Amino acid sequence: MILDIKTFPDKVLRKKAEPVIEFNDELKLLLDNMMETMRANSGVGLAAPQVAVSKRILVIDTTQAEEEGSLLRVINPEIISEEGEQLGEEGCLSVPGEYEPIRRAEKIILKAQDENGKEFTLEAEAFLARVIQHEIDHLNGVLFIDRLPSYKRDTLKKAIKRRIAEGDYIVTGME
Ligand SMILES: [Zn+2]
């Protein structure tokens with residue numbers, strides 16, 4: 001099932017997501033739906049808060065972007081080490097149509113659990129490391145635009161407001 005993606009400035013994107021404790025069928029169904037939703041939107045990653053589920057769950061698919069891409073279901077992720085620096089353009093399904101260069105660690109070691117609760121570690125670098133860092137930010141209520149210098153962030157927010165007024169940007173979760 002394809003789920004609705006929440007967009008900035010929806011408040012669900014700002015909550016700190018809760019750890020997953022039960023590894024059950026409900027979790028597996030959510031992971032399947034997140035994979036389907038990510039693919040339907042040509043995304044390389046999706047975090048559960050983006051579909052209004054405030055839990056520490058990610059899906060990642062870099063198989064279209066890289067020759068030896070990765071397809072990952074990641075629960076309760078934690079970056080246990082990081083090294084170096086890279087600067088590259090990022091976008092986000094929750095901030096559609098906006099792309100900006102963002103600084104990230106070049107190499108990371110990820111510790112997480114799979115959909116059955118089994119722990120694993122993964123060394124990632126370059127593009128995959130960037131995607132993982134971007135998605136983990138979502139679990140902490142952080143968007144890539146928060147990592148921009150303040151003048152750029154202000155310009156981008158103004159641009160989004162203009163797009164909202166023009167009907168070119170769909171806002172979710174407004175009160
Ligand atoms: Zn994102």
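Nothing here was measured: the structure is a model prediction, and the numbers come from that model. Whatever order the structure lists them in is the order used to number ligands and atoms, beginning at 1. For the numbers below, each heavy atom of this structure counts, side chains included, while hydrogens, waters and symmetry mates do not. The first residue in the sequence is number 1, and the count goes up from there.
In this structure a side-chain-to-backbone donor-acceptor pair under 3.5 Å is present from Gln50 to Ala47. Under a 3.5 Å cut-off, the side chain of Asn140 and the backbone N or O of Val142 do not form any donor-acceptor pair.
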One pair to check against side chain to side chain contact (heavy atoms under 4.5 Å, CB included): Phe23 and Glu115. What are the steps and the verdict? CA-CA 6 Å; Phe23 293 80; Glu115 62 185 352; 5.8 Å; no
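Salt bridge status for Asp137 with Arg104: present, with a side-chain N to carboxylate O gap under 4.0 Å.
Tally of protein N, O or S atoms closer to the Zn ion (ligand 1) than 2.8 Å: 3.
At most 12 heavy atoms of other shown residues, nucleotides or ligands fall within 6.0 angstrom of atom CG in Asp4.
Contact annotation: the side chain of Arg56 never approaches that of Ile75 to less than 4.5 Å [non-hydrogen atoms, C-beta and beyond].
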